[in-house]
Colleague: 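Structure incoming, see below.
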Number of protein chains: 2
Amino acid sequence: MDKQSVTIYDVARESKVSMATVSRVLNGNSNVRPATKQKVMDVINKMEYRPNAVARGLASKKTTTVGVIIPDVTDEYFASLARGIDDIASMYKYNIILANSDDNPDKQIKVLNNLLSKQVDGIIFMGNEISDELIIEFKRSNAPIVLAGSIDDSGSVPSVNIDYTDAVMDETIQLIKHSNRKIAFISGSLNQTINKKYRLKGYRKALKKYNYKFDDKMIFETNSSYEDGYKLANKLINEKVKAAIVTNDELAAGVMNGLTDSGINIPNDFEIFTSNNTKLSKMVRPQLSSITQPLYDIGAVSMRLLTKIMNNEPINEKQVLLNYDILQRDSTKV
Amino acid sequence: MDKQSVTIYDVARESKVSMATVSRVLNGNSNVRPATKQKVMDVINKMEYRPNAVARGLASKKTTTVGVIIPDVTDEYFASLARGIDDIASMYKYNIILANSDDNPDKQIKVLNNLLSKQVDGIIFMGNEISDELIIEFKRSNAPIVLAGSIDDSGSVPSVNIDYTDAVMDETIQLIKHSNRKIAFISGSLNQTINKKYRLKGYRKALKKYNYKFDDKMIFETNSSYEDGYKLANKLINEKVKAAIVTNDELAAGVMNGLTDSGINIPNDFEIFTSNNTKLSKMVRPQLSSITQPLYDIGAVSMRLLTKIMNNEPINEKQVLLNYDILQRDSTKV
DNA sequence: TTGAAAGCGCTAACAA
DNA sequence: TTGTTAGCGCTTTCAA
């Protein structure tokens, strides 16, 4: 009456072979005589034997599970990456342990160590902020780590991203060409390297290229939430801003709705470019023009990269940059 | 140079006690003399010892990880539940292995067995469709299973939900009171019990109560996607529908945008009620009136319920129903 | 309060 | 091609 109690030993006995042989057929391994293999398989099916992955993990020192650290599953950007990660993971027979970090440095370190103690074979890390302490922990980790859609400025950790600087520069140039003078840069925390050193840099490069002078007052720092964006509308109007680059889709939706509710017409009176092309960006009205990132692929590629590292396969490039595009929808002029 | 190789044996030797004693302090267990405990703790810190969770799992037959089966992380409804699940899980020192099923019956069974072979201590299942085969697998599982935001008609599996029937009935009644005659019921697949036996039932009950006759042509079955909703607009106009109950927020956004783009005014010419109150519902314009479900709590409560079952604690009710509300926003008349 | 020792269910040499 | 056997790193009786 007790469930799940048949072990490799039971099927060995039942099929009159040794445990080693059963283990071999289980792992599709080496040379087992077809007849033997068949016999064992029959017993396995008959007894409904399922290998115990924990025992296997202890003996082989491989758990076929990878840890995935994500700021918040509820964030569509990261959730999309996670989907790509899981699909490729399961394609390669890995499971993923998902852990939310809220982008909190302490929590990130805590869950990292927790994952490591579970003996994951590798880790995919996502996060807007990567502290120096975290990098130190990465270094001492015995499991390989890949960053997905996340920036480590030191460049020491393998990662998959797009060129955020170029993408923002492209958007900004378009806005300039639409003869906008006052172009805002609305981002999440400027403590985050991705915003401060990459996106903002693209914005400045575009300005410089067209001899626009950089104006501090055009930089708006937020917590990336819809609400923060919504509340920003008044400030934007007061500063007579005419266009904006926004680094997060929910934030952009907030900015747009706030502006619209204040009687501003998008895109005629105010143009908006957003960054992630999540589903949301085409569900709002007007639809948001955006950098189009291959979100699913960023996740998928980073997981694929991780499998290569875990198997000691040769790697072409540690820092992978995927292609992006700029998609004109209805929040910018043509 | 090799990382992570210190075992319980090493700290035992170093602190001049037995492995058993180290194990005891590790587990905050029974009686260890404070001085001994301190001594061991010091060595643990000094050596940076981290217990190997796999070995622990094999010996104790507990992995402190639970499996979470989700249709798609990218779906904000389920992602919100997942967030609640993970928070409570980590509060109780569990990790979650997340597996996407795409609501595909074969895949559901596959990932379930995969999770079971990983010796998870329990499982939280989310899905719109629960096949009979799946219920059979649930029964034979040695790990307890709890459904979150998901309906098993047999009522044999513990679950956490809201009363979908009543909620839809409430919405429908409001629509009727706004003197709408032609009220559509727009749902995902009617093969899904939650739609066919619960939500549709609420719709019919409301109709009956007000002596409206049920009309087949007012029932629209979709795949729950934004696109399907968008494309539905024409049909809705042709059938002269004046209001709709929609069972999914993305779907509702699609319906609304489709209608709006066809020149229909929401809510004056067409009223819409949606079902999940995800963030999306207030980012679209007009904002969607909705059933307000405690999404995070549904996940949290189901995880809490699972911890109780895993610890053999007494359970008050196997089928818990959380409260819901109806929130009037701008897609319905006041 | 502590220690000795037997597993947990499997993999992986090493032999045969 | 198959079997024997020693672990993997921990928990948990049972004794002391």
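Values reported hereafter were calculated over all heavy atoms of this structure, with side chains retained and with hydrogens, waters and symmetry mates removed. Per chain, numbering begins at 1; letters A, B, ... match sequence-line order.
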Colleague: From D:dG9, C:dT11, C:dC8, pick the nucleotide closest to the side chain of A:K61?
Modeller: D:dG9
Colleague: When the axes are fitted on five pairs at both termini, how much does the helix from C:dT1-D:dA16 to C:dA16-D:dT1 curve, in 10° steps?
Modeller: 30°
Colleague: Do B:N27 and B:R56 have side-chain N/O donor and acceptor atoms under 3.5 Å apart?
Modeller: yes
Colleague: In chain order, what residues pass the ring pair (Phe, Tyr, Trp, His ring centres under 6.0 Å) check against B:F125, with sequence neighbours excluded?
Modeller: B:F138
Colleague: Given D:dT11, is OP1 or OP2 found less than 4.0 Å from the side-chain N or O atoms of B:Y9?
Modeller: no
Colleague: Can we say B:D42 and B:K46 salt-bridge, meaning some charged N sits less than 4.0 Å from an Asp/Glu carboxylate O?
Modeller: no
Colleague: Do A:I124 and A:I96 have side-chain heavy atoms sitting under 4.5 Å apart?
Modeller: no
Colleague: Tell me the salt bridge (Lys or Arg N to Asp or Glu O under 4.0 Å) pairs involving residues 150-162 of chain A, sequence neighbours left out?
Modeller: A:D153-A:K197
Colleague: Test of understanding: with salt bridge (charged side-chain N to carboxylate O under 4.0 Å, His left out), list the residues that count as partners of A:K107, not counting sequence neighbours.
Modeller: A:D102
Colleague: Verify side chain to side chain donor-acceptor pair (under 3.5 Å) between A:K37 and A:T21, making sure each step is shown before the conclusion.
Modeller: CA-CA 8 Å; A:K37 179 173 175 179; A:T21 299; over 6 Å; no
Colleague: What's touching nucleotides 3-6 of chain D from the protein side, N or O pairs under 3.5 Å?
Modeller:
{"residue": "D:dG3", "atom": "OP2", "partner": "A:S18", "partner atom": "N", "Å": "2.8"}
{"residue": "D:dG3", "atom": "OP2", "partner": "A:S18", "partner atom": "OG", "Å": "3.2"}
{"residue": "D:dG3", "atom": "OP2", "partner": "A:T21", "partner atom": "OG1", "Å": "2.8"}
{"residue": "D:dG3", "atom": "N7", "partner": "A:R24", "partner atom": "NH1", "Å": "3.4"}
{"residue": "D:dG3", "atom": "N7", "partner": "A:R24", "partner atom": "NH2", "Å": "3.4"}
{"residue": "D:dG3", "atom": "O6", "partner": "A:R24", "partner atom": "NH2", "Å": "2.4"}

Colleague: On the nucleotide D:dG9, are OP1 or OP2 found under 4.0 Å from the side-chain N or O atoms that B:R56 carries?
Modeller: no
Colleague: Go through residues 34-44 of chain A and report each residue with a non-hydrogen atom lying under 4.0 Å from DNA chain D, sorted by number.
Modeller: A:T36
Colleague: Spell out, as yes or no, whether a donor-acceptor pair under 3.5 Å connects the side chain of B:N311 to the backbone of B:E313.
Modeller: no
Colleague: So does B:R83 pair up with B:D87, basic N to acidic O under 4.0 Å?
Modeller: yes
Colleague: Checking side-chain polar atoms at under 3.5 Å, does A:Q319 have a donor or acceptor matched by the opposite partner on A:S159?
Modeller: yes
Colleague: If only side-chain N and O atoms of B:N27 are considered, is one of them under 4.0 Å from the OP1 or OP2 phosphate oxygen of D:dT11?
Modeller: yes
